[in-house]
Amino acid sequence: MGKGLTKRAENYSEWYNEIVAKADLAENSGVRGCMVIKPYGFAIWEKMQAELDRMFKETGHQNAYFPIFIPKSYFSKEASHVDGFAKECAVVTHYRLKNSEDGKEVIVDQDAKLEEELIVRPTSETIIWDTYKRWIQSYRDLPILVNQWANVVRWEMRTRLFLRTSEFLWQEGHTAHATKVEAIKEAEQMLEVYADFAENFMSVPVLQGTKTESERFAGALETYCIEALMQDGKALQAGTSHFLGQNFAKAFDVKFATKDGGQEYVWATSWGVSTRLMGALIMTHSDDYGLVLPPKLAPIQVVIVPIYKSPEDLNRISNYAEGLIIELKELGISVKYDDDDQRRAGWKFAEYEMKGVPIRIAIGPKDMENGTVELSRRDVPGKEGKEYAPQANLAVRLQELLEEIQVNLFQRASSYRQEMTTIVDNYDDFKKTLTDKGGFIMAHWDGSEETEKRIKDETKATIRCILHGGKEEDGKCIYSGKPSKRRVVFAKAY
RNA sequence: CGGGGUGUGGCCCAGCCCGGUUAAGGCGCCUGCUUUGGGAGCAGGAGAUCGCAGGUUCGAAUCCUGCCACCCCGACCA
């Protein structure tokens, strides 16, 4: 039992906060709304980064880096972009500090006012398109397929660790193309990459879809997204990919010479996932005992805890463990042997459960006699997930078990999502489902922003997306009764 | 920006209404002994200008005034 961990059923958001704290993932900092990501939490993020980075490169992208500061004049060039972000921008106005008259504090030197204010990037489209203008002259310069790993700042009023912080880490891809078709294909491809990553690496099932106009990224013609379902029945947008059309090319006057000598505006995309994925990870798999990590994201995949009284016992166990560790490492499995004598075994068990280590091996004198180990899988807590496994061929067994856990987590989350997806045909059922059950609700919508907004105002539910590959089906809008050609996905969202 | 709340050892917090010895307790930390197959027990110890600045008073964590910070609920959001 997680010591002091609030149960999900009692208070979900408290449970979430406690996991973040007790699993050593992150904590609040002295700066309002900004978090400190702790080593264990950052190790998980690094695993995400490494895999995504590999996937981006495999699809032809290169990394680059653009400035954190964006001149206000750049920022204001694309009108809808400004509308979307203006209210949450941090602005740099001065470049120097000085001692106050009484020498007691440091103050802003009013003489050091910037000629032009700098915006701390909330996203980098504008600085990047100002740059691309210089990079692109001819169709031969296209496509440009660039990604950057960076921090961004959006001055949020209400923040929550990983889910919404004023500063967060992310990657943002920015691509430039000669044709509309190619740009759309790129945006779609990157959505596929995200979905693949979420499902196969994080074991988080996601819906792929297109945002409605009101939920669209500021400056995009089309926003695609992956949406995950958390254990409290709320949806979480886990990644977005945007087809930006020629909006930024026009705003920054980025044209290219075509093969036949004409001049055309460049087509653009951008796409990103952030440290918010950490929130998705936590809220998808974890339980009342603590964090649960899919093996592919676990900084430690197998932990070995020796149980002993005498130094002789420890010696024998350590000798055995040493061999096992070598075998595991050869199989590419990250393993920790915790023979710290400052902590008792029970303490360690609870600790590694809290931190979501997928497999725990405990070895005591009895095991050494029997040629066994006590093997516990984190995805099945308690006795049920515990067995005495033979020492023979253990490393291979563990490798297989890690794969099994990876798949099991995905399947469990998938069946939960299936249970929590409801088809409704009228507004009363819609409201009832929303309050009694939550989850994704598939319902007909007349396609108007007006209806969408009214439903949101009345129920707090938003249209998460219009499913890709969703089938056409005649029906009536649950709110207005007007004809509709397909169902869309509603949910309350983070 | 509106409405509500809280600031007390590293962390959680009692005390405040009704002013008065050395500011209580838990977690954590340090020392020692005993323990060790699911978050050990006992004993001892260190650690606090009670958010800041004024005021009232013989005396302020406690009462008054002002300021600051943070948290929660609403409108915006990956």
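In this text the structure is predicted, and so the values were computed from the model without any measurement. Convention: sequence-line order gives letters A, B, ...; per-chain numbering from 1.
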- Message: I'd like to know if A:Arg397 pairs up with A:Glu387 as an ion pair, taking the criterion as any Lys NZ or Arg NE/NH1/NH2 lying under 4.0 Å from an Asp or Glu carboxylate oxygen.
- Response: yes

Which part of the nucleic acid does [X] contact within heavy-atom distance under 4.0 Å: base, sugar-phosphate only, or nothing?
| X | value |
| --- | --- |
| A:Thr165 | base |
| A:Asp367 | base |
| A:Leu236 | nothing |
| A:Tyr308 | sugar-phosphate |
| A:Lys348 | nothing |
| A:Gln237 | sugar-phosphate |

- Side-chain donor or acceptor of A:Lys386 under 3.5 Å from a matching atom on the base of B:G38?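 Result: at least one qualifying N/O pair found.
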
- Classify the side chain of A:Arg344 and the base of B:G37 as holding, or not holding, a donor-acceptor pair under 3.5 Å.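 Flag unset: no donor-acceptor pair detected.
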
Expressed as a whole number of Å, how far does the [atom1] atom of [N] sit from that of [M]?
| N | M | atom1 | answer |
| --- | --- | --- | --- |
| B:A46 | B:G7 | C1' | 25 Å |
| B:G10 | B:C42 | P | 26 Å |
| B:C73 | B:C30 | P | 37 Å |
| B:C58 | B:A48 | P | 31 Å |
| B:G28 | B:C11 | C1' | 7 Å |
| B:U22 | B:A61 | P | 12 Å |

- Message: Going by purine N1 to pyrimidine N3 plus the second Watson-Crick contact, or the G-U wobble pair, all under 3.5 Å, which nucleotide sits opposite B:A69?
- Response: B:U6

- Is B:G44 paired to anything, Watson-Crick or G-U wobble with both distances less than 3.5 Å, and if yes, which nucleotide?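 Pairing partner, where one exists within any strand: B:C30.
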
Could you state the [atom1]-[atom2] distance from [X] to [N], rounded to the nearest angstrom?
| X | N | atom1 | atom2 | value |
| --- | --- | --- | --- | --- |
| A:Trp347 | B:U35 | CH2 | P | 23 Å |
| A:Glu351 | B:G39 | CD | C1' | 9 Å |
| A:Met35 | B:C70 | CE | C1' | 19 Å |
| A:Arg160 | B:C71 | CZ | C1' | 14 Å |
| A:Leu163 | B:C76 | CG | P | 19 Å |
| A:Met157 | B:G2 | CE | P | 12 Å |
| A:Lys355 | B:G39 | NZ | P | 19 Å |
| A:Gln342 | B:C30 | CD | C1' | 12 Å |

- Message: For the residue pair A:Arg344 and A:Trp347, would you count it as a cation-pi contact if the rule is NZ or CZ under 6.0 angstrom from the ring centre and within 45 degrees of the ring axis?
- Response: no

- Message: Could you check whether A:Lys355 makes a cation-pi contact with A:Tyr40, meaning its NZ or CZ is under 6.0 Å from the centre of the six-membered ring and within 45° of the ring axis?
- Response: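 Relative to the ring axis of A:Tyr40, which defines the angle, A:Lys355 lies inside both limits.
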
From [options], pick the nucleotide closest to the side chain of [X]?
| X | options | result |
| --- | --- | --- |
| A:Ala350 | B:C72, B:G38, B:G37 | B:G38 |
| A:Arg158 | B:C73, B:G38, B:G37 | B:C73 |
| A:Glu156 | B:C76, B:C29, B:G37 | B:C76 |
| A:Lys309 | B:G37, B:U36, B:A78 | B:U36 |
| A:Lys87 | B:G38, B:C76, B:A78 | B:C76 |
| A:Thr240 | B:A78, B:C29, B:G38 | B:A78 |

- Item | Stacking check A:Phe168 vs B:A78 (5.5 Å / 30 deg) |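 Ring-base stacking flag set for A:Phe168 and B:A78.
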
- Task: Without swapping roles, check the side chain of A:Gln148 against the backbone of A:Phe66 for a donor-acceptor pair under 3.5 Å.
- Result: yes

- Query: Closest nucleotide of RNA chain B for A:Glu167 versus for A:Gly33: which of these residues is on the 5' side?
  - Reply: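 By nearest-heavy-atom nucleotide position, the 5'-most residue is A:Gly33.
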
- Partners passing salt bridge (Lys or Arg N to Asp or Glu O under 4.0 Å) against A:Arg378 (at least two apart in sequence or in another chain): A:Asp287

